Amino acid sequence: AALHIEFSGALAAAAVHVQPRAGRLAALIPASDRRVALLRESLAELDAAGALATTPAERALVMAHRANRLVIWGFPWDALVEFRRAQALDPQWRPIADELADWLRHPERESRPDSLLR
């Protein structure tokens with residue numbers, strides 16, 4: 001499962017990687033359809049990891065990584081559902097789920113969570 005999680009992370013990172021171009025930051029992969037395809041591949045790798053997970057903690061870890069991808073891609077409510085599912089299997093995910101829920105209750109705060117896994 002760990003290899004699939006790592007590969008998922010690499011795919012997701014490639015989808016959002018930026019580099020300086022003409023004095024601005026620009027996506028390394030400029031075509032948005034290709035970036036979305038990378039995200040889909042990243043999520044498919046997490047599906048594979050979930051299928052191999054044997055313990056509740058491993059399944060929760062996969063859910064937390066899926067939630068993190070969803071936050072990064074702008075789906076914080078879906079991410080909250082995933083973090084709460086992870087929390088149900090492993091209580092260590094509660095603080096992160098609570099942090100995201102707090103931000104969703106108070107979106108006027110400047111500190112939008114772009115990634116919740118540290």
Side-chain angles (χ1 to χ4, degrees):
L3 182 62
H4 289 285
I5 291 171
E6 291 297 320
F7 188 46
S8 171
L11 291 167
V16 297
H17 186 77
V18 294
Q19 65 183 12
R21 192 179 304 153
R24 295 181 157 182
L25 289 178
L28 182 64
I29 299 171
S32 59
D33 62 329
R34 185 62 190 131
R35 290 193 309 271
V36 170
L38 285 171
L39 176 62
R40 286 183 177 177
E41 291 176 42
S42 172
L43 294 175
E45 286 298 320
L46 290 176
D47 290 342
L52 295 173
T54 59
T55 67
E58 286 178 342
R59 286 191 295 278
L61 179 63
V62 172
M63 290 173 190
H65 278 277
R66 179 180 308 283
N68 199 57
R69 305 288 183 277
L70 292 168
V71 166
I72 291 168
W73 279 82
F75 299 98
W77 288 102
D78 299 292
L80 180 58
V81 170
E82 281 296 302
F83 274 125
R84 291 296 186 206
R85 287 181 60 219
Q87 173 191 339
L89 293 176
D90 185 346
Q92 77 161 326
W93 297 108
R94 182 183 178 128
I96 293 174
D98 289 348
E99 179 183 344
L100 180 56
D102 185 56
W103 181 80
L104 288 168
R105 277 191 296 274
H106 302 285
E108 72 280 0
R109 294 181 184 162
E110 291 187 29
S111 59
R112 177 183 173 271
D114 290 324
S115 175
L116 294 162
L117 299 182
R118 281 131 179 98

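This one's a predicted model, so the numbers in the text were calculated from it and none came from an experiment.
In this structure, CG in Asp47 is found 9.0 Å from OG in Ser8, a value given to the nearest 0.5 Å. Atom CG of Leu80 and atom CG of Leu104 lie 6.0 Å apart (nearest 0.5 Å). Rounding to the nearest 0.5 Å gives a distance of 6.0 Å between CZ of Arg66 and CD of Glu82. Of the inter-residue distances, the one linking Glu6 atom CD with His65 atom NE2 reads 7.0 Å to the nearest 0.5 angstrom. One distance of note links CG of Leu3 with CD of Glu45; it measures 8.0 Å at 0.5 Å rounding. Leu39 CG to Phe75 CZ: the interatomic distance, rounded to the nearest 0.5 Å, is 8.0 Å.
Residue Arg35 comes nearest to Ala27 through the heavy atom pair NH1-CB, 3.8 Å, listed as atom of the first residue, atom of the second, then distance. Nearest heavy atom pair, residue Ala97 against residue Gln87, reads CB-OE1, 3.8 Å. Of all the heavy atoms in Ala1 and Ala53, the pair that sits closest is CB-N, 4.3 Å.
Both Val16 and Ile5 sit in one connected hydrophobic cluster of ILVMFWY residues. Membership requires side-chain heavy atoms under 4.5 Å apart, directly or through other members. In this structure, Ile72 is a member of the same hydrophobic cluster as Trp93, with clusters built from ILVMFWY side-chain heavy atoms closer than 4.5 Å. Linking Ile, Leu, Val, Met, Phe, Trp and Tyr whenever their side-chain heavy atoms come within less than 4.5 Å leaves Leu38 and Leu28 in two separate clusters. If you chain together hydrophobic residues whose side chains sit under 4.5 Å apart, Leu11 and Ile29 fall into the same group. One hydrophobic cluster, built from ILVMFWY side chains closer than 4.5 Å, holds both Leu61 and Leu43.
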(request) Please test Arg69 against Ser42 for side-chain contact (heavy atoms from CB on, under 4.5 Å), starting from the C-alpha separation and ending with a verdict. (result) CA-CA 9 Å; Arg69 305 288 183 277; Ser42 172; 3.2 Å; yes
(request) Show your working on side-chain contact (heavy atoms from CB on, under 4.5 Å) between Asp102 and Glu99 and close with a plain yes or no. (result) CA-CA 5 Å; Asp102 185 56; Glu99 179 183 344; 5.8 Å; no
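Around the CZ atom of Arg40, the shell of radius 6.0 Å holds no more than 12 heavy atoms that belong to other residues, nucleotides or ligands.
Inter-residue side-chain proximity for Arg84 and Asp98 is flagged as met; some heavy-atom pair is nearer than 4.5 Å. Leu70 is not listed as a side-chain neighbour of Pro76, based on a closest heavy-atom distance of 4.5 Å or more.
For Arg59 (side chain) and Asp90 (main-chain N/O), no donor-acceptor pair under 3.5 Å exists by modelled atom type.
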